[in-house]
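Taking it in order: structure first as structure tokens, then the write-up.
Keep in mind the model is a prediction, meaning the values are calculated, not measured. Reckoned from all heavy atoms, side chains included, excluding hydrogens, waters and symmetry mates.
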Amino acid sequence: MAPTTNARIIFNSVPTGYPVPGKTTVYDTSKTIDIEDAPLAGGFVLKTLVLSVDPYLRGRMRDPNDNSDAPPFMLGEPLVSHGVGVVVRSENAKVKVGSHVYGVIAHQEYSVFKDLESQGLTVIENKEMLPWSVYVGAAGMPGQTAYYAWKEYSRAKKGEIVFVTTGGGSVGSFVIQLAKLDGLKVIASAGSDEKVAFMKSIGADVAFNYKTTSTTQVLEREGPIDV
């Protein structure tokens, strides 16, 4: 089989503010992959279907000498994040062609993996027939972070009052909805009027812009806060 273009999103330069497409990241088509003949050594070829673009990725776009809780992206290499792909060739008995795999994937069309275990990958059965994009949202890292944290640590009870900061974000917005499902009054804050409108649309009882409204005054008026 003739080589196939393996397009990638490359980390090209460290930004000083917001990332700029074409400068911070570039779309590169210089690499190819021979899907039928690429050496796998018992591994498999994964074709990328969906990738997450999360706020924490900005923190990885930094100088490698700057320490943080997540490793930096390497200049000249593809971005990586959670995603879902479909197996198009396999020499691994645990991974069949046509299987869908979830985990941390490079931002490129095709990737070769040695196995599932060492790469932290999981085969998704998707018996519910959900869109694959759900697995980088509600059923992915943001949704799992919100769900496990809420259920394990909130100790919330029906009728209590919870204050959710960054309620317009990927995790906070799920916490708002989980709290409403459990019967709590939800106060939520975010940094723009657009996010305030969004928080109200997903069920927040009280939503405000902390940049233009006193958080202390809101909590004194709407509290006391239980969670």
Residue pair D205 / I187, side-chain heavy-atom distance below 4.5 Å:
no

Check M199 against A188 and note the closest heavy-atom contact, atom names and distance.
SD-CB, 3.5 Å

Distance check, rounded to the nearest 0.5 Å: W150 atom CH2 versus T145 atom OG1?
15.5 Å

Do you know the tightest heavy-atom contact between G191 and K211?
O-CD, 3.4 Å

Heavy-atom donor-acceptor pair, N126 side chain to L130 backbone, under 3.5 Å:
yes

Other than V123, which residues form its hydrophobic cluster under the rule that side-chain heavy atoms must be closer than 4.5 Å?
F44, L46, L51, V87, V95, V101, I105, F113, L116, L121

Using modelled atom types only, decide if a donor and an acceptor are shared between the side chain of E152 and the backbone of A149 within a distance under 3.5 Å.
no

Is V136 linked to Y56 within one hydrophobic cluster, defined over Ile, Leu, Val, Met, Phe, Trp and Tyr using a side-chain heavy-atom separation of less than 4.5 Å?
yes

Any side-chain heavy-atom pair from M141 and S52 closer than 4.5 angstrom?
no

Could you tell me which non-hydrogen atom of I176 sits nearest to which non-hydrogen atom of G167, and how far apart they are?
CD1-O, 3.4 Å

What is the distance from atom OH of Y135 to atom NE2 of H82, rounded to the nearest 0.5 Å?
14.5 Å

For the residue pair F11 and E77, establish whether any side-chain heavy-atom pair is separated by less than 4.5 Å.
no

ILVMFWY network linking Y27 to L75, side-chain heavy atoms under 4.5 angstrom:
yes

With sequence neighbours excluded, residues passing salt bridge (charged side-chain N to carboxylate O under 4.0 Å, His left out) with K94:
E117

For the side chain of S13 and the backbone of K23, is there at least one donor-acceptor N/O pair under 3.5 Å apart?
yes

Distance-only, no hydrogens or angles: does the S99 side chain make a donor-acceptor pair with backbone N or O of K96 under 3.5 Å?
yes

So, T25 side chain and P21 main chain: donor-acceptor pair closer than 3.5 Å or not?
no

Picking from V134, V50, T48, T122, what satisfies side chain to side chain contact (heavy atoms under 4.5 Å, CB included) with V84?
V50

Expected output: side-chain Q108 to main-chain Y110 donor-acceptor under 3.5 Å
yes

Would you be so kind as to tabulate the donor-acceptor pairs closer than 3.5 Å made by side chains of residues 215-227, with sequence neighbours excluded?
{"from": "E222", "atom 1": "OE1", "to": "K185", "atom 2": "NZ", "distance (Å)": "2.9"}
{"from": "D226", "atom 1": "OD2", "to": "I161", "atom 2": "N", "distance (Å)": "2.8"}

Closest heavy-atom pair, Y147 versus L178, reported as atoms and distance to 0.1 Å, is CA-CD1, 3.6 Å

Ring pair (Phe, Tyr, Trp, His ring centres under 6.0 Å): which pairs involve residues 162-204, sequence neighbours left out?
none

Would you check if M61 and L79 make a side-chain contact, meaning some heavy-atom pair closer than 4.5 Å?
yes

Any side-chain heavy-atom pair of I9 and P78 under 4.5 Å:
no

Do P19 and R58 have side chains that get closer than 4.5 Å, going by heavy atoms?
yes

Donor + acceptor pair across side chains of N92, S90 (<3.5 Å)
no

Looking at D54 and L57, would you say the former's side chain and the latter's main chain have a donor-acceptor pair under 3.5 Å?
no

For A190 and G168, the nearest pair of non-hydrogen atoms, with its separation, is CB-N, 4.1 Å

Across all chains, not counting sequence neighbours, the salt bridge (charged side-chain N to carboxylate O under 4.0 Å, His left out) partners of K151 are D182

At their closest point, which heavy atom of K200 faces which heavy atom of A207, and how far apart are they?
CG-CB, 3.8 Å

Please identify each residue that fulfils salt bridge (charged side-chain N to carboxylate O under 4.0 Å, His left out) with R60, with sequence neighbours left out.
none

Between S192 (side chain only) and K195 (backbone N and O only), is there a donor and an acceptor less than 3.5 Å apart?
yes

Is a donor on one side and an acceptor on the other found under 3.5 Å between the side chain of N6 and the backbone of E109?
yes

Same hydrophobic cluster for L181 and L184, using side-chain heavy-atom links shorter than 4.5 Å among ILVMFWY?
no

Within a reach of under 6.0 Å around NZ of K180, are more than 12 heavy atoms found that belong to other residues, nucleotides or ligands?
yes

Would you check if the side chain of R8 reaches a backbone N or O of A106 as a donor-acceptor pair within less than 3.5 Å?
no

Heavy atoms, side chains only, cut-off 4.5 Å: are I35 and V88 in contact?
yes

Verify the cluster assignment for V206 and V186: are they in a single hydrophobic cluster under the rule of side-chain heavy atoms below 4.5 Å apart?
no

